[in-house]
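Scroll down for the structure; my scribbles are underneath it.
Every number for a ligand or one of its atoms is a count from 1 in the order of the listing.
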Amino acid sequence: MKKILCILTAVLVMLSCCGCSSEKTMSRTLFVFDTVLTLTLYGGDETSLETAADEIEKTVREIHNCASAHDPKNQLYMLNVSAYGNDVKISDTLFEIIEQGLYYCELTDGAFDITLGKIIGEWAIGSPSAKIPDSSFIEKYSGFEGWKHVVLNHENKTVRFEDERIRLDLGGVAKGYAAEKAKEILGKHSITKAMLDFGGNIVAVGRKNAGKTWTVGVKNPSGNDMAAAVGCENTAIVTSGNYERYSEIDGARYHHILDPFTGCPSDSGVASATVIYGNSAAADCLSTAVFVLGAEKGMALIESIDGAEAVFIDANGNITLSSGAEKITEIL
Ligand code: AMP
Ligand code: MG
């Protein structure tokens with residue numbers, strides 16, 4: 001009996017070793033959304049990893065091409081120049097991004113606002129033409145709650161603006177939406193283990209190993225080291241930080257997340273807001289929103305959303321964790 005058990009154990013060990021060594025890894029780096037995206041996929045079959053990565057690459061580029069407002073060839077550019085007073089038909093993808101964005105505009109009472117294109121363009125933070133807009137411009141294009149005046153027709157997939165100040169900017173949601181679509185593609189190819197890093201928008205698919213979650217670092221906003229490590233499994237983890245994009249104007253530093261009510265970079269005291277949530281598009285909207293809301297209101301919002309967690313870091317490096325984040329976060 002003892003001998004049979006020994007043989008069985010040996011076979012099981014061999015089988016599990018075969019399982020480990022047959023796992024293939026592939027990594028691909030893309031430059032889209034003005035940032036570096038890294039896909040790391042794991043599975044038993046190299047061909048299906050490559051096929052899934054090809055499909056993700058194609059989809060992500062398509063999403064960028066319809067959701068980026070800068071290029072006159074892009075759908076969003078066309079929408080922005082023609083939707084005031086007119087129903088403009090757009091693709092299902094762009095419609096879905098706008099629809100999800102507007103949902104979070106409402107949920108966050110306008111802290112997240114996808115209609116700030118005019119004022120975002122005028123500040124041009126992170127570009128060589130960055131400047132402080134005239135006070136009259138800021139007055140005109142802040143606090144107008146444009147998101148309340150975007151009319152969607154779900155049947156015809158049209159969008160109409162009812163305020164001439166509206167220009168959509170989807171920079172706060174598009175990467176998260178793209179990462180969510182990438183995750184869906186992995187599911188279609190039965191890839192159950194992957195790490196997708198879309199420039200600060202991370203999707204951890206599955207677990208690192210049996211019994212071990214992925215560890216995702218949260219950057220120290222004022223250094224190159226990590227401030228915290230979060231154990232993640234089948235979730236998105238998205239950070240909005242004042243260090244991600246900024247410009248120095250007349251010796252002062254201005255970051256890229258605007259408070260829709262002031263038309264200026266948010267001064268809520270948050271240096272970075274990280275949201276952990278199952279849906280990556282939602283986590284992207286929420287991280288931008290809670291950055292603007294500040295740690296107190298932002299945390300209250302996160303605690304009210306089932307399954308959402310957050311890590312806030314303020315300008316002095318103080319870290320605040322939501323109740324669920326305490327269980328999965330190590331402060332470094
Ligand atoms: P994120 O890095 O996801 O926080 O998104 C920041 C980007 O979203 C900016 O570069 C702008 O394009 C856009 N944005 C800035 N402020 C807001 C805001 N309050 N609500 C929605 N989008 C914003
Ligand atoms: Mg965002």
Pair [X], [Y]: side-chain N/O donor-acceptor within cut-off below 3.5 Å:
{"X": "Ser127", "Y": "Ser129", "value": "yes"}
{"X": "Thr115", "Y": "Asp113", "value": "yes"}
{"X": "Glu309", "Y": "Ser322", "value": "yes"}
{"X": "Tyr84", "Y": "Glu162", "value": "no"}
{"X": "Asn220", "Y": "Asp225", "value": "yes"}

Ala111 near ligand 1, heavy-atom distance under 4.0 Å?
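Per 4.0 Å heavy-atom rule, Ala111 contacts ligand 1.
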
Taking N or O atoms only and a 3.5 Å limit, does [X] qualify as a polar contact for ligand 1?
{"X": "Ile120", "value": "no"}
{"X": "Val292", "value": "no"}
{"X": "Ser287", "value": "no"}
{"X": "Thr239", "value": "no"}

Rounded to 10 degrees, the angle O of Gly172 makes with O of Asp284 at the Mg ion (ligand 2)
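With the Mg ion (ligand 2) as the vertex, O (Gly172) and O (Asp284) sit 90° apart.
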
Please write down residue, atom name and distance for the protein heavy atom closest to [atom].
{"atom": "atom 20 (N) of ligand 1", "result": "Asp113 N, 3.0 Å"}
{"atom": "atom 8 (O) of ligand 1", "result": "Gly172 N, 3.1 Å"}
{"atom": "atom 23 (C) of ligand 1", "result": "Thr288 CG2, 4.1 Å"}
{"atom": "atom 15 (C) of ligand 1", "result": "His256 O, 3.4 Å"}
{"atom": "atom 16 (N) of ligand 1", "result": "Leu258 N, 3.0 Å"}
{"atom": "atom 12 (O) of ligand 1", "result": "Asp169 OD1, 2.8 Å"}

Report the part of Lys175 (side chain from C-beta onward, or backbone N, CA, C, O) that has a heavy atom under 4.0 Å from ligand 1; answer both or neither where that applies.
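Neither; no heavy atom under 4.0 Å.
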
Contact atoms of ligand 1, heavy-atom distance to [X] under 4.0 Å:
{"X": "Asp284", "result": "3 (O)"}
{"X": "Glu244", "result": "2 (O)"}
{"X": "Ser240", "result": "1 (P), 3 (O), 4 (O)"}
{"X": "Arg245", "result": "10 (O)"}
{"X": "Pro260", "result": "19 (N)"}

Close side-chain approach of [X] and [Y], heavy atoms under 4.5 Å:
{"X": "Leu286", "Y": "Tyr104", "value": "yes"}
{"X": "Val230", "Y": "Thr215", "value": "no"}
{"X": "Ile313", "Y": "Val270", "value": "no"}

Centroid-centroid distance, [X] to [Y], less than 6.0 Å:
{"X": "His255", "Y": "Phe291", "result": "yes"}
{"X": "Phe95", "Y": "His154", "result": "yes"}
{"X": "Phe161", "Y": "Trp147", "result": "no"}

Heavy-atom pair with the smallest gap, counting every atom of Ser272 and Tyr243
CB-CE2, 4.0 Å

I'd like to know if the Mg ion (ligand 2) has an N/O/S atom from Asn201 within less than 2.8 Å of it, counting both backbone and side-chain atoms.
no

